[in-house]
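This is a predicted model, so every value here is computed, not measured. Any value given below was found using the heavy atoms of this structure, including those in side chains, with hydrogens, waters and symmetry copies removed. Chain A is the first sequence line, chain B the second, and so forth, proteins listed ahead of strands; every chain is numbered from 1.
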Amino acid sequence: MWYFERNPFHNVVSWTAAINGLVQNGLNAEALKLFLKLLDSGVRPNDVTFTSVLRACAGFGEIGLGMSVLGLIVKTGFEHNISVSNSLITLCLKMGEKALARRIFDQMEKKDVVSWTAILDMYVGMGDLREARQIFDEMPERNEVSWSAMIARYSQSGHPEEALKLFLQMSRNGFVPNRSCLAIILSALATLEDLRVGMNIHAHVVKIGYEKDVFISSSLVDLYCKCGKTKDGRLAFDSMLEKSVVSWNSMVGGYCLNGQMEEAKVLFDSIPAPNNVSWNTMVGGYLENKEFDKVFEVFNEMLLCGEIPNASTFSSVLCGCASIASLEKGKNLHGKAIKHGTQYDVFVGTALIDMYAKSGDIESSKKVFDRMPEKNEVSWTVMIQGLAENGFAEESLLLFEEMNRTSIVAPNELMLLSVLFACSHTGLVDDGLQYFNSMEAVYGTKPKGRHYTCMVDILSRSGRLVEAEELLRSMPFEPETNAWSALLSGCSKHKNEEIAESTAKKLWELVDKNSAGYVMLSNIYASAGRWVDVLNIRRLMKDRGLKKSGGCSWVEVKNEVHCFYSEDASHCQLAEIYDLLELLRFEMLAI
DNA sequence: ATAGGGTTAG
């Protein structure tokens, strides 16, 4: 700029070079001001000037300005220039004017790879991968950038296997992958946890001297960690000469993923400039590893440090609330989420539904669900599940049917389990059977052990014991222990000695494998009044050193969770609690 | 003197 301002002789090239220099440094407003000066000076801008100016408009977020520039472009006759049109398309896409972008593209007399790639990226950005692929297949000419664009989008949209296929096809067609493409494919391989191919690419990267690239080496760290090799990941991380915050985040995330939370925390504390992804990684890590106290601890620390939580943060922390069924914390976070404008995010909404449902406040779940502008598979699942598990079986089934009518979301295993659960709790035996039998044909999911167990439970509860037993014995794989005990408890309820005997025998075989089996069997004998058998089992368990895992309940008082165990009376205020109970009992008697 | 593609978290 110093030279530019002191040079009295300007031509288009020097003006354009100056404008472009500003744009490249992100000084869009200055670039536009300089462009106005250029116009005042009477120098005629050319095609290169326009591409730079349009880029400045895009960076500045000014579509109106871009349109006036368009007028100028038409007036000066550059509207059919390929570079100018390409820049225009990019501007439109940045401003969300997709229809206009497409119109400009269609009206271009000549198109080059850049034009095709830009429009390809538009469909990809709209989430329309099929249309994007069609454009990709129809492109008259491709270069490594168009290949990379398509590969990147497949990888980012949850189709890493398709990305890998395309990458191999690209290599077969003689295109040499560049740095970006290698970073993308390593990230896809990380998602696929394909260590074998990943290591091949790593070797290739070293051979061509790309291992110092920050993008590539960060992806390598991610690859090794996703494949469970945190040591190799750390090796790649330590050998990096230049680290970005993404490199740090990948390594921290790698430790979290592999349950090494202490290592994660140590590394996290040494990140030079953590961003919100770094924080979210730690929050998510503690959540995944079920260290719920730490979830809230890190979240509070995050707020204290002045880092702005985003939708990802709230979805994790709310999930933590759901896990400990803390309505108080959850409501508080709901308020914070609204304050940060994240309440309409799908993930946040879904976490809210689940949190309210797990805390027993199903009305609030329903409110959140109804107000969600966008619902995905998980949103529907947690709502259907929440209704079923809170005793609103009919509503749960109605919602499931509504989903099938109105949404493109396909039923998944978990939803179908909730549906069966709902049927079991309303005694809708035939509906249950119908859902169960249509699982594979209509919904495309093979029934798993849990579905069989639920179905056996439905049949047994209603006394259709022969059908239940037939179903159990016809299973293509080993049933869950629970399934046999469901049958047995049906037998004791409906007084069927014959099936009970054979089922009990089967259960006896299974109990050897786990203590839960003993407990179930003893409970079933107890409910049938066979106390001698109960005693026998208890004695057996004692002999084998097995301990029944105790029941536990808890309440939350003033943000603190108090646990009570059935066999371990260790609460610090136990005496006071019993005193108060005694007092209450006395009060009730007095009435 | 110019336009298109890159790594991490829910």
Side-chain angles (χ1 to χ4, degrees), chain A residues 11-21 23-24 45-55 58 81-91 93 112-122 124 142-153 155-156 177-188 190 210 213-223 225-226 240 243-254 256-257 271 274-285 287-288 309-320 342 345-348 350-351 378:
Chain A
N11 58 11
V12 205
V13 176
S14 59
W15 277 106
T16 307
I19 292 172
N20 191 47
V23 176
Q24 294 224 327
N46 67 9
D47 49 345
V48 183
T49 323
F50 282 124
T51 55
S52 296
V53 171
L54 287 173
R55 194 169 147 201
N81 180 284
I82 293 192
S83 302
V84 173
S85 298
N86 288 343
S87 304
L88 260 176
I89 292 176
T90 311
L91 171 69
L93 291 180
D112 65 1
V113 205
V114 180
S115 340
W116 280 98
T117 310
I119 215 74
L120 169 86
D121 213 45
M122 175 181 96
V124 146
R142 293 177 209 152
N143 62 10
E144 75 281 356
V145 177
S146 2
W147 281 94
S148 297
M150 198 67 227
I151 293 171
R153 297 315 181 176
S155 174
Q156 291 159 351
N178 58 19
R179 287 162 192 265
S180 337
C181 198
L182 288 167
I184 299 162
I185 206 63
L186 281 169
S187 140
Y210 277 0
D213 184 288
V214 211
F215 288 91
I216 291 180
S217 45
S218 299
S219 293
L220 277 171
V221 171
D222 187 42
L223 168 78
C225 291
K226 289 241 166 76
M240 288 174 77
K243 293 181 181 86
S244 70
V245 69
V246 178
S247 330
W248 287 91
N249 293 348
S250 299
M251 194 60 232
V252 171
C256 291
L257 200 70
I271 302 181
N275 61 8
N276 61 355
V277 176
S278 325
W279 285 99
N280 290 345
T281 305
M282 281 312 289
V283 172
L287 179 74
E288 282 304 309
N310 63 10
S312 166
T313 324
F314 283 114
S315 96
S316 296
V317 186
L318 281 166
C319 205
T342 59
D345 179 89
V346 208
F347 285 90
V348 174
T350 305
V378 187

Does [X] reach the main-chain N or O of [Y] with its side chain, forming a donor-acceptor pair under 3.5 Å?
X	Y	result
A/Asn276	A/Trp279	no
A/Ser155	A/Ile151	no
A/Ser250	A/Val246	yes
A/Ser219	A/Phe215	yes

Would you say [N] has OP1 or OP2 under 4.0 Å from some side-chain N or O of [X]?
X	N	result
A/Thr313	B/dA9	no
A/Arg55	B/dA3	yes
A/Lys243	B/dT8	no

Could you tell me how far apart [X] ([atom1]) and [N] ([atom2]) are, to the nearest whole angstrom?
X	N	atom1	atom2	answer
A/Trp116	B/dA3	CH2	P	22 Å
A/Leu88	B/dG4	CG	C1'	15 Å
A/Phe50	B/dT2	CZ	P	17 Å
A/Asn249	B/dG6	CG	C1'	16 Å
A/Leu223	B/dT7	CG	P	14 Å
A/Trp279	B/dG10	CH2	P	17 Å
A/Ile216	B/dT8	CD1	C1'	16 Å
A/Met150	B/dG4	CE	P	19 Å

Which is true for [X] with a 4.0 Å heavy-atom rule: it touches a base, it touches only sugar-phosphate, or it touches nothing?
X	result
A/Ala311	base
A/Asn276	nothing
A/Thr16	base
A/Thr281	sugar-phosphate
A/Gln156	sugar-phosphate
A/Ser316	sugar-phosphate

Report the nucleotide, chosen from [options], that has the shortest atom-to-atom distance to any side-chain atom of [X].
X	options	value
A/Ser312	B/dT8, B/dA3, B/dG10	B/dG10
A/Asp345	B/dG6, B/dG10, B/dT8	B/dG10
A/Val277	B/dT8, B/dG4, B/dA1	B/dT8
A/Ile184	B/dA9, B/dG6, B/dT2	B/dG6
A/Ser244	B/dT7, B/dT2, B/dG6	B/dT7
A/Val13	B/dA9, B/dG6, B/dA1	B/dA1
A/Asp112	B/dA3, B/dA9, B/dA1	B/dA3
A/Lys226	B/dG10, B/dT7, B/dA9	B/dA9
A/Phe215	B/dT2, B/dG6, B/dA9	B/dG6
A/Asn86	B/dT7, B/dG4, B/dA3	B/dA3

Counting only distance, no hydrogens or angles, is the base of [N] paired donor-acceptor with the side chain of [X] under 3.5 Å?
X	N	answer
A/Asn20	B/dA1	no
A/Asn143	B/dG4	yes
A/Ser218	B/dT7	yes

Within 45° cone and under 6.0 Å: A/Arg142 NZ/CZ vs A/Trp147 ring:
yes
Are A/Thr342 and A/Asp345 close enough that a side-chain donor and a side-chain acceptor fall under 3.5 Å?
no
So, A/Asn86 and A/Asn81: side-chain donor and acceptor under 3.5 Å apart, yes or no?
no
